[in-house]
Amino acid sequence: MERPDKKNIVIFASGSGSNAQRLLEHFEHHPQIRVAALFSNNPKAYALKRAETYHVPALLFSRDEFYNSGKVLEQVKAFNPDLIVLAGFLWLVPQNLLHAFPNKIINIHPALLPKYGGKGMHGINVHTAVVQAGEEQSGISIHYVNEEYDKGEFILQEYCPVHPEDTPEELAARVLQLEHRHLPLVVEQLLLEKDEL
Ligand code: GRF
């Protein structure tokens, strides 16, 4: 039986959803926090299936429902989110959501922002750019979301090496491990700290 007093996480994901999976696993039996819903803009997103496997509502939406009609805002509100997590979500978040949930929307980015962020910097593009630049380090950035891609205040950055012989795919795998390790812990910490305020 679900406790009504649990904190609610709403996830937005556009793709595979391996980070969403980590959140679903981590909070499946958590006493204070639940994943309340997963939203996706992509009918092919495997993330939707992952949510269904955990009996978490999975909602697909259109560009119009996100940016114009206000339908997504109303649907998200219905889940009463304490935190909204963008886990591989590719669309810019509109003002109506930012205003409705100030300081409650976070994103995970697979590089050390402020470098290697912004429009088009997602997926393998990020790791290709890091390898081509000859960086010795990469990592993850978990940050609050504002009206620009990848620009909000940092919550956590974690680092990993880039080896000279790395392919973008090898680097991507190393960074993804960091994401999977840290995202559930950061989400948990944010929600439990907020609880104490
Ligand atoms: C991750 O690298 C995340 O940092 C980025 O998009 C990717 C999503 O991977 N925002 P997945 O869908 O969670 O597997």
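Read the numbers this way: they start at 1 and go in the same order the structure lists the ligands and their atoms.
Taking the six-membered ring for Trp and the full ring otherwise, the centers of F12 and F101 sit at least 6.0 Å from each other.
Of the heavy atoms in H122, none comes closer than 4.0 Å to ligand 1.
Counting heavy atoms only, S18 comes closest to atom 11 (P) of ligand 1 of the residues A172, S18, S14, A87.
The nearest protein atom to atom 12 (O) of ligand 1, hydrogens excluded, is given as G17 N, 2.7 Å; this is a heavy-atom distance. With hydrogens left out, the protein atom closest to atom 10 (N) of ligand 1 is I108 O, 2.9 Å, a heavy atom. If you check which protein heavy atom lies closest to atom 13 (O) of ligand 1, you get N19 N, 2.8 Å. The shortest contact between atom 7 (C) of ligand 1 and any protein heavy atom is with G88 CA, 4.2 Å.
A donor-acceptor pair shorter than 3.5 Å can be found between the side chains of E188 and H30. Residues H127 and S138 bring no donor and acceptor atom of their side chains to less than 3.5 Å of each other.
For ligand 1, the atoms closer than 4.0 angstrom to any heavy atom of P110 are 2 (O), 4 (O), 5 (C). Near E179, with a cut-off below 4.0 Å to any heavy atom, the atoms of ligand 1 are 1 (C), 2 (O), 3 (C), 4 (O).
The residues E52 and K49 are annotated as not salt-bridged, no charged nitrogen and carboxylate oxygen being separated by less than 4.0 angstrom. Classification of R181 and E158 as a salt-bridged pair fails, no side-chain N sitting under 4.0 Å from a carboxylate O.
Counting heavy-atom neighbours within 6.0 Å of F61 CZ, excluding the residue itself, gives a total above 12.
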